[in-house]
Amino acid sequence: MAAAATHRRTTTPEAAVTGTYHVLIVGAGFAGLYMLHKLRGLGFTARVYDAAGGVGGTWYWNRYPGARCDVRSVDYSFSFDRELQQEWQWEEKYATQPEILRYANHVADRFDLRRDIRLNARVESAHFDERLGRWIVQMSQGDVISAQHVVMAVGTLSAPKLPEIPGIETYRGETYQTQKWPHQPVDFSGKRVAVIGTGSSAIQSIPIIAEQAAHSTVFQRTPNYSMPAGNRPNDPAAVAALKANYPTYRQAARDSFFGVPIEGPIKMAVEVSEAERTAAYQAGWDAGDLVALVGAFGDVLFDKAANDTAAEFIRNKIRAIVTDPAIADALCPCDYPVGTKRPCLDTRYYETFNKPNVRLVDVRKTPIAAIAPAGIRIRQGDADEEIAVDAIVFATGFDAMTGSFTRMDIRGVGGVALNDEWAGGAQTYLGLAVAGFPNLFTVTGPQSPSVLSNMMVSIEQHVEWIADCVAYLRDHGYSTIEARREAQTAWVAHSNELGARTLYPLANSWYMGANVPGKPRVFLPYIGGVGPYRQKCDEVAAKGYEGFTLTRSSHPTDTPTREVSAHAT
Ligand code: NA7
């Protein structure tokens with residue numbers, strides 16, 4: 001893109017404005033809902049816009065068969081309201097998508113949020129008007145909002161991605177995307193179904209699709225590490241005991257590494273006997289708990305030799321479940337460490353490949369040549385084989401963590417596009433703000449714990465931090481806040497340095513941006529731990545928003561009235 005075009009100012013005329021708010025919130029998922037509630041409580045006017053036809057964010061869209069959360073329901077829920085967390089009864093250990101969506105709707109009703117939420121309205125552009133010191137946000141249905149602050153509560157896995165396969169548009173059968181599943185149940189009975197992808201969504205949906213379909217073909221590019229969820233109805237007595245202790249329990253989650261209150265590992269896998277290691281991994285496997293297995297020892301995510309022991313434990317499980325050794329071999333991940341791509345929880349995933357009407361196509365050995373009008377063509381040596389299918393399910397993931405931002409036209413000071421700002425890789429200060437984009441907040445943004453944590457804990461932390469910040473500005477007479485570039489650079493360097501100490505960079509994962517052709521290879525989430533990260537954010541606020549520039553003037557190019565320097569630690 002030409003530099004001139006890049007820096008072009010395209011601000012929507014002020015005259016077009018249809019509504020004025022203190023805060024415009026983009027997204028009606030859990031982050032947007034809580035943000036609205038919190039801001040209202042502080043006396044701000046706020047409005048939420050969402051492209052979806054309902055609230056719930058990721059849980060509105062991802063309604064594929066078998067969709068469920070792989071953080072326990074008692075953990076993956078709001079803690080900000082005592083009555084809400086006491087009264088809501090989760091049915092299962094891991095909540096299903098319909099149950100989570102019911103919960104999101106319950107939250108919207110319980111706190112009377114709907115009157116400030118506009119649905120079926122996609123944000124097309126958000127431009128910072130320096131003259132006004134305000135954001136002018138243009139919606140797809142025609143609304144134009146002027147807001148002092150914009151909170152991007154857009155989710156981390158909300159920009160769906162289709163595969164780059166030639167001929168995809170020529171296919172004449174039914175197509176589905178896990179990330180945009182129809183609202184009516186899909187009946188695959190008697191059909192030949194292809195599933196492309198073996199990430200979390202595929203692993204959850206394949207066993208159910210294969211139960212129904214006459215024949216299923218799974219196209220796998222990278223095998224995943226998965227373990228049985230051991231899902232079951234919640235035990236009322238156990239839940240009551242936990243709820244009696246909820247305040248302490250929730251605080252432990254906030255102070256923990258991943259946002260779930262488990263005791264940190266105290267031993268290293270490479271320092272204990274094989275028997276002790278196996279027993280620890282088996283305990284995690286039996287508990288159906290990802291963090292318990294991958295986090296059983298302190299070195300699994302940091303030391304390749306330690307990781308190999310956990311990876312081999314899972315591979316042995318796969319070999320024991322899958323009866324055909326060649327299929328088992330193809331399902332065994334062996335070229336990246338366990339935990340460095342999102343590991344999965346499943347219900348009879350590996351068992352599904354023992355069925356005679358399920359075929360695994362390893363696209364590394366037999367690549368997909370093209371999608372044809374009646375099926376999928378794979379390359380077998382010099383020849384092509386066409387696998388005829390009645391339906392294709394694309395379970396091919398997302399442009400994670402940045403796609404939901406870069407698909408909007410966001411322009412900050414000088415008309416600079418966020419897309420250009422992030423062309424070399426996303427950069428934020430604390431995962432909360434971007435230099436050059438005043439009064440714009442990014443909930444669970446890049447360089448915050450985000451996808452490496454229990455999202456509910458991270459969402460609550462960010463929402464509360466942002467609400468406190470906006471109130472601080474108002475109460476101290478400031479009109480704008482902007483991350484300072486040097487603070488941002490230091491934070492990104494710190495985040496990268498922590499990432500480089502782990503095994504994450506060894507995998508081609510969406511954590512690294514590797515699933516999107518041309519996306520810069522940058523480790524996007526922050527791996528310093530939820531508790532320490534919270535402490536850092538709190539310190540920044542306590543020091544009067546260290547690392548940000550706060551201005552009293554509505555004109556951000558004026559000499560700042562206040563600057564607070566920062567050094568990432
Ligand atoms: P993921 O985890 O990004 O999985 C996408 C899958 O699609 C993954 O197996 C990809 O293989 C595969 N993929 C993508 N493009 C292709 C092509 N062209 N050919 C074959 N296979 C392809 O998304 P999910 O929706 O499953 O899960 C997202 C998150 O939701 C999950 O991590 C949890 O946090 C919940 P690859 O691994 O890139 O080789």
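Indexing begins at 1, ligand by ligand and atom by atom, following the structure's order. Since the structure is predicted, the reported quantities are computational estimates derived from the model, not experimental observations.
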Can you classify the ring geometry of Tyr34 versus Phe80 as parallel (below 30°), tilted (30 to 60°) or perpendicular (above 60°)? parallel
Can you find a heavy atom in the side chain of Thr217 that is under 4.5 Å from one in the side chain of Leu360? no
Classify the ring geometry of Tyr76 against Trp59: parallel below 30°, tilted from 30° to 60°, perpendicular beyond 60°. perpendicular
Return yes when atom CZ of Arg348 has more than 12 non-hydrogen atoms of other residues, nucleotides or ligands closer than 6.0 Å, and no otherwise. no
So, for Trp465 and His462, is the gap between ring centers shorter than 6.0 Å? no
So if I only count non-hydrogen atoms and take anything under 4.0 Å from ligand 1, which residues does that give, chain by chain? Leu157, Pro163, Ile196, Gly197, Thr198, Gly199, Ser200, Ser201, Arg221, Thr222, Lys341, Arg342, Ala395, Thr396, Gly397, Phe398, Trp510
At what distance, to the nearest 0.5 angstrom, does CZ of Arg315 lie from CD of Glu312? 4.5 Å
